[in-house]
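Letters go in sequence order (proteins before strands), and every chain restarts at 1.
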2 protein chains.
Amino acid sequence: MQIIIDIEDKAPLFAQLVSQIKSAILDEKVMPGDPLPSIRQLATDLELNKKTVAKAYQLLERDNVIQTKGYRGTFVHQDAIANSSFDLSVWLGSKIDQTIKTLRSAGATDSEIRIAFANAMSNKIKNNKIK
Amino acid sequence: MQIIIDIEDKAPLFAQLVSQIKSAILDEKVMPGDPLPSIRQLATDLELNKKTVAKAYQLLERDNVIQTKGYRGTFVHQDAIANSSFDLSVWLGSKIDQTIKTLRSAGATDSEIRIAFANAMSNKIKNNKIK
DNA sequence: AGTTGTACCCATAGTGCAAGTGGTACATAT
DNA sequence: ATATGTACCACTTGCACTATGGGTACAACT
């Protein structure tokens, strides 16, 4: 698996990592069950901070593209191929687009929408407290 | 109509103006059809920038609380009393809260939601272009 | 001439957040 | 000992947005 990171790229480093690993899986350059380099290893090889690599790995694991097994290392998930073609951000985008469109046609200013959004996001403390 | 602006207040100046004018209407200190001071006049009296006052007036007009008639001045809207008690931002808040909650339970990170939101907001150019 | 709302220009201060870097530390295993 | 993923802490850089200000200008009307 060949991974190339472009620091000049406008895309965040962790995002480049995510998409390249997904690509490698879709191109069958790595197969489900295959081991992936450790976070520290990859960070050293690509000259990245290990937290940047860890962030990419966490996103990939959340999407069931990879599977971390603690001290035993990280492996390509069994359903990696299917899950690599699904992009949560696309779904997110359309969902949000739809909501924004509704609010705007209700007469809301972009500025107002932004403020209401910021409020909603910081209210997570209140919502989580219910648990 | 007595308007007092508190620069020390954490609330934005234009927001203070909006709520105070609404209050004056709800308290029937000004009646529908009554003229309001001009933007420049009010800005001078309250020692505010005329753009700040204009912003407040624009919001009030959008909500049908006041009515601007160009060179003829600004007046209290006929339905001002009813419209003064409706706050769009509350409606906005619940609408957005609902959407955020959905996205979060779909597994989206707050960070991802923010980015998707920022994208959706800046895509307005594309959407308006369709017109 | 003077006034109305409005629409531009540019500028400032403050806030909030993303992204990345650095270091240290931990439990769990080989 | 050495390696794994993970979890903290603090920090810098850069960007985007809000709120506010100062100025100039316009068409339409009195």
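Linking Ile, Leu, Val, Met, Phe, Trp and Tyr residues whenever their side-chain heavy atoms come within less than 4.5 Å places B:I81 and B:V18 in a single cluster.
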Using Watson-Crick and G-U wobble pairs whose two distances are both under 3.5 Å, how do you write the pairing of DNA chain D as dot-bracket, with | for links to another strand? ||||||||||||||||||||||||||.|||
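If you check the side chains of A:S38 and A:Q41, you find no donor sitting under 3.5 Å from an acceptor.
Between A:K55 and C:dA19 there is a side-chain N or O to OP1 or OP2 distance below 4.0 Å. OP1 or OP2 of D:dT4 has not a single side-chain nitrogen or oxygen of A:T74 nearer than 4.0 Å. Within the 4.0 Å cut-off from OP1 or OP2 of C:dT3, not a single side-chain nitrogen or oxygen of B:S38 is found. Contact check, A:T52 against C:dA19: no side-chain N or O comes under 4.0 Å of OP1 or OP2. Contact check, A:Y71 against C:dA29: a side-chain N or O comes under 4.0 Å of OP1 or OP2.
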Identify all pairs in which a protein N or O lies below 3.5 Å from an N or O of nucleotides 9-14 of chain D, and state each distance.
from, atom 1, to, atom 2, distance (Å)
D:dC9, N4, A:K51, NZ, 2.5

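A 4.5 Å side-chain heavy-atom check between A:R114 and A:T109 finds every atom pair outside the cut-off. Between B:L17 and B:L46, the closest side-chain pair of non-hydrogen atoms falls below 4.5 Å. Using a 4.5 Å heavy-atom threshold, the side chains of A:L42 and A:L48 count as separate.
Picking from C:dG20, D:dT18, C:dG5 the nucleotide with the shortest atom distance to the side chain of A:R114 gives D:dT18. Proximity note for A:S111 (side chain, C-beta onward) versus D:dA19, D:dT6, C:dG5: the nearest is D:dA19.
Looking at heavy-atom distances under 4.0 Å, B:Q67 makes no contact with the nucleic acid at all.
For B:N83 against B:N64, the heavy-atom pair with the smallest separation is ND2-O, 2.9 Å. Closest non-hydrogen pair, A:A108 versus B:L88, comes out as CA-CD2, 3.9 Å.
Within residues 40-50 of chain A, the residues that have a heavy atom under 4.0 Å from DNA chain C are, in order of number, A:R40, A:N49, A:K50. Only at 4.0 angstrom or more do the heavy atoms of residues 12-24 of chain B sit from any atom of DNA chain C, so none qualifies.
Identified under the ring pair (Phe, Tyr, Trp, His ring centres under 6.0 Å) test for residues 60-117 of chain A, with sequence neighbours left out: A:F117-B:F117. Residue pairs meeting the salt bridge (charged side-chain N to carboxylate O under 4.0 Å, His left out) criterion with at least one member in residues 35-55 of chain B: none, sequence neighbours excluded.
Side-chain atoms of B:E112 never come within 3.5 Å of backbone atoms of A:S89 as a donor-acceptor pair (strictly under, hydrogens ignored). No side-chain donor-acceptor contact under 3.5 Å links B:D63 to the backbone of B:V65.
The interatomic distance linking A:E112 (CD) with D:dT18 (P) rounds to 11 Å, in whole Å. A:N119 places its CG atom 11 Å from the P atom of C:dG16, with the value rounded to the nearest Å.
One distance of note links OG1 of B:T68 with OH of B:Y57; it measures 10.5 Å at 0.5 Å rounding.
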Steps toward side chain to side chain contact (heavy atoms under 4.5 Å, CB included) verdict (A:L36, A:V76): CA-CA 7 Å; A:L36 286 174; A:V76 178; 4.2 Å; yes
